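Predicted model only: the values in this text are computed from it and were never measured. The chains referred to below are lettered A, B, ... by the order of the sequence lines, with proteins before strands, and numbering in each begins at 1.
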Number of protein chains: 2
Amino acid sequence: MKERIKDLYLIELLRLGARGKFIRVPTTFLSRVFGVSQQTASRVINLLHKGGLVDKDIINGVTCVKITEKGLERLRKLKRELEEAFNSPGVIEFEGKVFTGFGEGAYYVKKRAYRKQFFKILGFEPYPGTLNVKLEKKELIEKNRELRQMRGIKVLGFEDRFRTYGDVYVYRALIEDTLEGAIVYAERTHYDERVIEIISPYYLRRRLGLKDGDLIRFKVFLSQSL
Amino acid sequence: MKERIKDLYLIELLRLGARGKFIRVPTTFLSRVFGVSQQTASRVINLLHKGGLVDKDIINGVTCVKITEKGLERLRKLKRELEEAFNSPGVIEFEGKVFTGFGEGAYYVKKRAYRKQFFKILGFEPYPGTLNVKLEKKELIEKNRELRQMRGIKVLGFEDRFRTYGDVYVYRALIEDTLEGAIVYAERTHYDERVIEIISPYYLRRRLGLKDGDLIRFKVFLSQSL
DNA sequence: ATTACTAAAAAACGAGTAA
DNA sequence: TTTACTCGTTTTTTAGTAA
């Protein structure tokens with residue numbers, strides 16, 4: 001079963017009151033709640049149970065379930081996502097701490113082939129370096145992972161006479177609600193999912209008076225609207 | 001595609017910012033957001049479009065979508081359901097206006113075979129009549145429809161020498177936060193989905209001083225907890 | 001009454017590809 | 001580049017039924 005679909009079944013169980021206590025739910029009854037056959041209802045409960053999302057017990061031959069803490073956490077996350085999507089659709093707000101990397105980002109951003117595309121896609125020539133931000137909140141690290149999977153806008157890789165440079169992906173961003181910029185993901189095999197690299201036409205450290213350890217906030221735009 | 005699953009895709013589109021404006025979403029990009037193939041992403045968008053949940057346009061060969069009002073309404077409903085389920089799991093609160101029916105309910109509730117089962121299941125002998133409540137809020141009528149589909153606790157039908165009496169379904173209820181009772185659904189082919197019938201050990205009209213047109217509130221319990 | 005196995009049917013999926 | 005068709009494969013579902 002697709003992982004996301006489990007959320008839908010968990011919602012129904014929550015509506016039935018399976019939080020904090022076991023509720024008595026014959027699979028024949030659940031089949032009507034879920035809108036599937038009795039057999040599927042049975043399988044669904046067993047799958048949720050295997051996945052650690054519900055506790056299950058059969059009492060007098062009748063299924064009883066209770067959503068586990070793990071299951072509730074999933075539901076809370078879904079609720080949070082839905083609320084955030086309603087409040088600020090298309091935008092993810094990040095915050096993290098500035099730190100100094102190994103100058104790797106700067107090395108790439110200086111490459112002509114990349115710079116040209118940045119200008120074409122983003123409308124600015126980036127300052128020749130990246131601002132490294134270390135995320136600390138668990139949910140933001142999770143969002144960073146998702147963004148990486150989504151990829152965003154592709155910046156094509158290239159090769160010079162020495163080596164190959166892979167594709168890079170960017171999302172537009174707004175730093176401290178004032179300065180335009182973008183976040184950049186390289187398609188490296190090794191990366192730290194707690195880290196986000198920001199590019200911008202400005203030298204952000206000076207412009208914002210930032211030093212290592214300072215908190216920085218920025219918004220990332222998931223799509224180009226029309 | 002299962003109807004409920006569309007909600008999950010709509011959530012992703014909302015997260016991307018497809019509210020109030022079109023967003024540019026190549027199906028290759030969506031395939032990563034949705035976690036499916038490009039072909040499936042394409043099919044999903046077309047299905048959502050056919051279902052009137054998103055507006056779709058292909059500009060310069062690239063898909064652009066915007067969630068329709070109908071789609072947003074679905075998402076709002078999901079959000080509301082989730083919030084309600086968290087706030088009062090297992091309970092639905094109703095309110096409606098008392099009215100006088102045709103005494104049909106009373107006729108059934110007086111039948112011995114039903115009364116015995118009511119006592120066994122609910123723990124009380126109902127007053128020989130039902131209190132008819134007319135729902136007025138759209139979302140409560142919708143909830144009533146859902147409850148009817150779920151059926152609840154079955155009370156077996158029977159037959160006497162004249163005719164057959166069908167199965168009946170009940171849910172426990174609490175009237176005006178004080179009096180126990182239950183709501184009853186007969187498996188009739190004709191019924192008014194705006195109406196709920198309440199049974200209770202008490203003659204509710206006298207006990208609560210109700211007359212036609214008075215507002216009554218009650219909570220319905222979706223499942224028997226353990 | 002239940003739950004849940006098996007086998008067959010139905011639905012969903014994605015690779016290949018045309019436009 | 002796109003989108004989205006066909007079609008073979010995989011996955012999911014349910015009817016029948018045993019326990």
Could you state the CZ-C1' distance from A:Arg43 to C:dT6, rounded to the nearest angstrom?
12 Å

Most 5' of A:Val36 and B:Asn60 on DNA chain D, judged by nearest nucleotide
B:Asn60

Interface limits on DNA chain D, where chain A has a heavy atom under 4.0 Å of a nucleotide atom
D:dT12 to D:dG16

Of all residues at least two apart in sequence or in a different chain, which pass the ring pair (Phe, Tyr, Trp, His ring centres under 6.0 Å) check with A:Tyr171?
none

Determine whether the side chains of B:Thr130 and B:Glu197 contain a donor N or O and an acceptor N or O closer than 3.5 Å.
yes

Is a salt bridge present between A:Lys143 and A:Glu84, judged by a nitrogen-to-oxygen distance below 4.0 Å?
yes

Could you tell me how the ring of A:Phe94 sits relative to the ring of A:Phe218: parallel (under 30°), tilted (30 to 60°) or perpendicular (over 60°)?
parallel

Would you say that more than 12 heavy atoms from the other residues, nucleotides or ligands in this model lie under 6.0 Å from the CZ of B:Arg115, or not?
yes

Taking all heavy atoms of A:Leu222 and all of B:Phe29, pick out the closest pair and write down the distance.
O-CZ, 4.1 Å

Would you kindly give the CG-to-P distance between A:Leu30 and C:dA1, to the nearest whole Å?
17 Å

Is there any protein nitrogen or oxygen under 3.5 Å from a nitrogen or oxygen in nucleotides 2-4 of chain C, and what are the pairs?
| unit_1 | atom_1 | unit_2 | atom_2 | d |
| --- | --- | --- | --- | --- |
| C:dT2 | O3' | A:Gly61 | O | 3.2 |
| C:dT3 | OP1 | A:Thr27 | N | 3.1 |
| C:dT3 | OP1 | A:Thr63 | N | 3.3 |
| C:dT3 | OP1 | A:Thr63 | OG1 | 2.7 |
| C:dT3 | OP2 | A:Thr27 | N | 3.0 |
| C:dT3 | OP2 | A:Thr27 | OG1 | 2.1 |
| C:dA4 | OP1 | A:Lys56 | NZ | 3.2 |
| C:dA4 | OP2 | A:Ser42 | OG | 3.3 |
| C:dA4 | OP2 | A:Asn46 | ND2 | 3.2 |
| C:dA4 | OP2 | A:Lys56 | NZ | 3.1 |
| C:dA4 | N7 | A:Gln38 | NE2 | 2.8 |
| C:dA4 | N6 | A:Gln38 | OE1 | 2.8 |

Check whether any side-chain N or O of B:Ser42 sits under 3.5 Å from a backbone N or O of B:Thr27 as a donor-acceptor pair, and report yes or no.
no

Give the angle between the helix axes at the two ends of the helix from C:dT2-D:dA19 to C:dA19-D:dT2, taking five base pairs at each end and rounding to 10°.
40°

Hey, mind stepping through A:Leu156 and A:Lys154 against side chain to side chain contact (heavy atoms under 4.5 Å, CB included) and telling me if it holds?
CA-CA 6 Å; A:Leu156 291 172; A:Lys154 190 188 231 173; 3.8 Å; yes

With sequence neighbours excluded, tell me which residues meet side chain to side chain contact (heavy atoms under 4.5 Å, CB included) with B:Lys77.
B:Arg80, B:Glu81, B:Glu142, B:Glu146

Take atom CZ in B:Arg163; do more than 12 heavy atoms of anything else shown fall under 6.0 Å from it?
yes

Please list, pair by pair, any protein nitrogen or oxygen found under 3.5 Å from a nitrogen or oxygen in nucleotides 7-11 of chain C.
none

B:Ile59 backbone acceptor or donor facing B:Asp57 side chain under 3.5 Å:
no

Taking 4.0 Å as the cut-off, does a side-chain nitrogen or oxygen of B:Ser37 come that near to OP1 or OP2 on C:dC13?
no

Over 60° means perpendicular and under 30° means parallel, so tell me whether A:Tyr165 and A:Phe158 are parallel, tilted or perpendicular.
parallel

Mark yes when over 12 heavy atoms from residues, nucleotides or ligands other than B:Asp160 sit less than 6.0 Å from its CG; otherwise mark no.
yes

